[in-house]
Amino acid sequence: MRFRDRADAGRRLAATLLPYRGSNVRVLGLARGGVRVAYEVARALEVPLDIWVSRRLSIPGRVMTLGAVSENGARFLLSDSLRLLPMPRAEVDALVSDEAAEVEAQVRRLRGRAQPELGGCTVLLVDDGVLTGATAAAALVALRQLHPARLVMATPVASPRGLEVVRAEADQVSCVETEPGLRTVAEAYDDFRAFPDVELQSLVERSRQPPWRSRSVLESADPGGSWM
């Protein structure tokens, strides 16, 4: 399955998440592309959207993901990557520290306010795709520290390995399409353009101006997808 763009993917994903509509739910989009997908989910569920930041941790000079770093200081390291390319602990810590500074800078740019109150809520963390699972897993680890009642990972497309990684950190995973041969998330989209900060901020602000017009979203959403 291919998606036209992240809006199309978000509408399809929203159809799998309709059971949460009307409950004590918070929708968080993973910056950057996940925010556009999450906007459609938030619109279908008629709840405000907020942003969460988690950044991939890459090994310099290598096309390999070591893990990821999330706001709130959470980190997630991929055991397979560490086994294939063992690194001294001090070097790993330095990479994490540098990326954590970038995370905080992005939080200030994109959210510019206190974190949402998530204690006792059902939190839906949305991304535009899950490949290694590291970025989402780091965010899930961080969000767990905020004591949500339930933590759900939702994505339009994922690799089987990526789903294994996030399933270990989430209470539930919803995925529209699993792609065993997925090499990059962009492969699943016709339009995978980058979103500037101002556009992401605009999506969040628009979500905070109800009432939502969800009828058109529900009518156009594909009922496909699966719970895992």
Side-chain angles (χ1 to χ4, degrees), residues 1-17 27-42 49 51-59 62-71 74-78 80-81 99 102-103 106 110 124-143 152-170 172-197 199-200 203 221-222 224-228:
M1 176 186 293
R2 287 184 64 84
F3 304 102
R4 290 190 301 275
D5 52 25
R6 292 181 181 87
D8 174 45
R11 288 189 288 269
R12 291 174 183 268
L13 179 61
T16 74
L17 300 169
V27 175
L28 301 178
L30 267 175
R32 306 184 68 86
V35 178
R36 185 62 185 90
V37 179
Y39 177 82
E40 298 297 333
V41 173
L49 168 68
I51 291 174
W52 195 265
V53 178
S54 180
R55 288 174 57 91
R56 185 166 60 94
L57 192 63
S58 300
I59 299 173
R62 299 289 186 111
V63 185
M64 184 182 293
T65 298
L66 179 62
V69 179
S70 170
E71 55 181 292
R75 67 167 75 177
F76 185 89
L77 300 178
L78 291 166
D80 289 349
S81 295
E99 204 60 45
E102 290 296 324
V103 166
Q106 194 169 32
L110 294 178
L124 306 184
L125 179 68
V126 180
D127 203 1
D128 54 9
V130 171
L131 188 60
T132 67
T135 305
L140 291 166
V141 170
L143 290 167
V152 180
M153 180 65 211
T155 184
V157 63
S159 69
R161 176 56 182 156
L163 285 179
E164 287 181 16
V165 170
V166 299
R167 193 179 290 118
E169 305 298 334
Q172 194 79 45
V173 176
S174 181
C175 180
V176 176
E177 187 74 13
T178 305
E179 292 285 354
L182 192 68
R183 294 172 299 178
T184 68
V185 173
E187 291 178 347
Y189 291 84
D190 295 327
D191 177 0
F192 199 68
R193 69 182 180 88
F195 291 93
D197 290 356
E199 192 166 347
L200 300 182
L203 290 171
D222 189 317
S226 58
W227 290 95
M228 303 176 189

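Contact detail for Gly129 and Thr155: the closest heavy-atom pair is CA-OG1, 3.2 Å. Taking every heavy atom of both residues into account, Leu125 and Ala139 meet most closely at CD2-CB, 3.7 Å. Closest approach of Val130 to Val185, counting heavy atoms only: N-CG2, 4.3 Å. Looking at every heavy atom in both residues, Val173 comes nearest to Arg167 through CG2-CA, 3.9 Å. The shortest heavy-atom contact between Ala138 and Ser70 is O-CB, 3.4 Å. For the residue pair Leu17 and Ala154, the shortest heavy atom distance occurs at CD1-CB, 3.8 Å.
A donor-acceptor pair is defined here as one N or O able to donate and one able to accept, closer than 3.5 Å; such a pair exists between the side chain of Ser159 and the backbone of Leu131. The main-chain N or O of Val53 is found under 3.5 Å from a side-chain atom of Glu71 such that the two form a donor-acceptor pair. The closest donor-acceptor contact from the side chain of Thr65 to the backbone of Gly67 lies at 3.5 Å or more, if one exists at all.
Listed by first then second residue, pairs satisfying side chain to side chain donor-acceptor pair (under 3.5 Å) with a partner in residues 127-140 read Arg6-Asp128, not counting sequence neighbours.
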Indicate every side-chain donor-acceptor pair of residues 28-38 with a distance under 3.5 Å to a residue at least two apart or in another chain.
residue, atom, partner, partner atom, Å
Arg32, NE, Phe195, O, 3.1
Arg32, NH1, Asp197, OD1, 3.1
Arg32, NH2, Phe195, O, 2.8
Arg32, NH2, Asp197, OD1, 2.5
Arg36, NH1, Glu40, OE2, 2.9
Arg36, NH2, Glu40, OE2, 3.2

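Atom CD in Glu179 sits 9.5 Å away from atom CZ in Arg2 (nearest 0.5 Å). With values rounded to the nearest 0.5 angstrom, Ser54 atom OG is found 8.5 Å from Leu140 atom CG. For the atom pair CH2 (Trp52) and CG (Leu143), the distance works out to 4.5 Å, reported to the nearest 0.5 Å. Going from atom CG of Leu57 over to atom CD of Glu102 covers 12.0 Å, rounded to the nearest 0.5 Å. Residue Asp191 holds its CG atom at 10.5 Å from CG of Asp8, rounded to the nearest 0.5 Å. For the atom pair CG of Leu200 and CG of Leu110, the computed distance is 6.0 Å after rounding to the nearest 0.5 Å.
Side-chain contact between Leu66 and Leu77 is present, with heavy atoms from C-beta onward closer than 4.5 Å.
Checked for salt-bridge contact, Arg161 and Glu164 meet the test: a charged N lies under 4.0 Å from a carboxylate O.
Contacts of Phe3 classified as ring pair (Phe, Tyr, Trp, His ring centres under 6.0 Å), with partners at least two apart in sequence or in another chain: Tyr189.
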